[in-house]
Trainee: 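I'd like to ask some things about the structure below.
If you read the sequence from its start, that first residue is 1, and numbering goes on from there. This is a predicted model, so every value here is computed, not measured.
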Amino acid sequence: MTEDDILSTLKEDMKRAYAPYSKFHVSSVIISKSGKSYRGCNVENAAYPLGTCAEAGAIASMVQGGDQEIDEIYVMGSGDALVTPCGGCRQKIREFSTQKTRIHVCGPEGIRKSYSMDDLLPDSFGPHNLTHD
């Protein structure tokens with residue numbers, strides 16, 4: 001997928017988000033290490049906080065699709081402020097990221113800012129913390 005394809009997909013998927021309570025639509029596209037793309041949108045639930053973030057949906061799709069490493073992840077929301085991943089999603093992204101993983105925060109006009117995992121979640125807890133010697 002080209003960057004234009006990704007941005008177009010993000011815009012379309014924002015329309016598909018199920019956000020009847022917050023009215024805040026978010027979408028996400030993951031490009032895995034293998035080059036495959038995976039998509040997600042937020043899905044709310046009347047029993048807060050049981051909804052699912054767009055990033056979590058894309059990660060679940062990626063794992064189900066047989067990949068386990070995020071090369072790049074794009075997140076799009078509307079409004080003037082940056083729509084960065086929430087704390088829980090930062091940890092979920094961390095689980096499947098490397099030093100090379102890039103997190104792109106987008107608005108309808110395109111990429112607004114890009115982060116490394118260390119920028120987004122410094123001194124993070126990850127799989128390496130659980131290795132047993």
Trainee: Got a sec, which pairs hit salt bridge (charged side-chain N to carboxylate O under 4.0 Å, His left out) with one end in residues 27-40, sequence neighbours left out?
Mentor: Asp13-Arg39

Trainee: I'd like to know if the side chain of Ser124 and the backbone of Gly126 have a donor-acceptor N/O pair within less than 3.5 Å.
Mentor: no

Trainee: With rounding to the nearest 0.5 Å, note down the distance linking SG in Cys53 to CG in Asn42.
Mentor: 7.5 Å

Trainee: Do Leu7 and Met76 come close enough that some side-chain heavy atom pair is under 4.5 Å?
Mentor: yes

Trainee: Name all pairs fulfilling the side-chain hydrogen bond (donor to acceptor under 3.5 Å, both in side chains) condition that reach into residues 57-67, sequence neighbours left out, sorted by first residue then second.
Mentor: Ser32-Asp67, Ser34-Asp67, Tyr38-Asp67

Trainee: Can you pull the ring-ring contact (aromatic ring centres under 6.0 Å, His included) pairs that have at least one residue in residues 75-101, sequence neighbours excluded?
Mentor: none

Trainee: Please name all residues satisfying salt bridge (Lys or Arg N to Asp or Glu O under 4.0 Å) with Glu12, sequence neighbours left out, ordered by chain then number.
Mentor: Lys15

Trainee: Is it the case that more than 12 heavy atoms not belonging to Gln99 sit under 6.0 Å from its CD atom?
Mentor: no

Trainee: What residues form a side-chain hydrogen bond (donor to acceptor under 3.5 Å, both in side chains) with Glu44, not counting sequence neighbours?
Mentor: Ser22

Trainee: Under 3.5 Å, is there a donor on one side chain and an acceptor on the other for Arg16 and Ser27?
Mentor: no

Trainee: Closer than 3.5 angstrom, by distance alone: can the side chain of Ser28 be matched with the main-chain N or O of Tyr74 as a donor-acceptor pair?
Mentor: yes

Trainee: Under 3.5 Å, is there a donor on one side chain and an acceptor on the other for Asp5 and Thr2?
Mentor: yes

Trainee: Once ring-ring contact (aromatic ring centres under 6.0 Å, His included) is applied, what residue pairs with a partner in residues 7-33 remain, sequence neighbours excluded?
Mentor: Tyr21-Tyr48

Trainee: Taking Thr101 for the side chain and Ile70 for the main chain, is one N or O donor matched with an acceptor at less than 3.5 Å?
Mentor: yes

Trainee: Look only at the side chain of Arg102 and the backbone of Glu72, and say whether a donor-acceptor pair between them is shorter than 3.5 Å.
Mentor: no

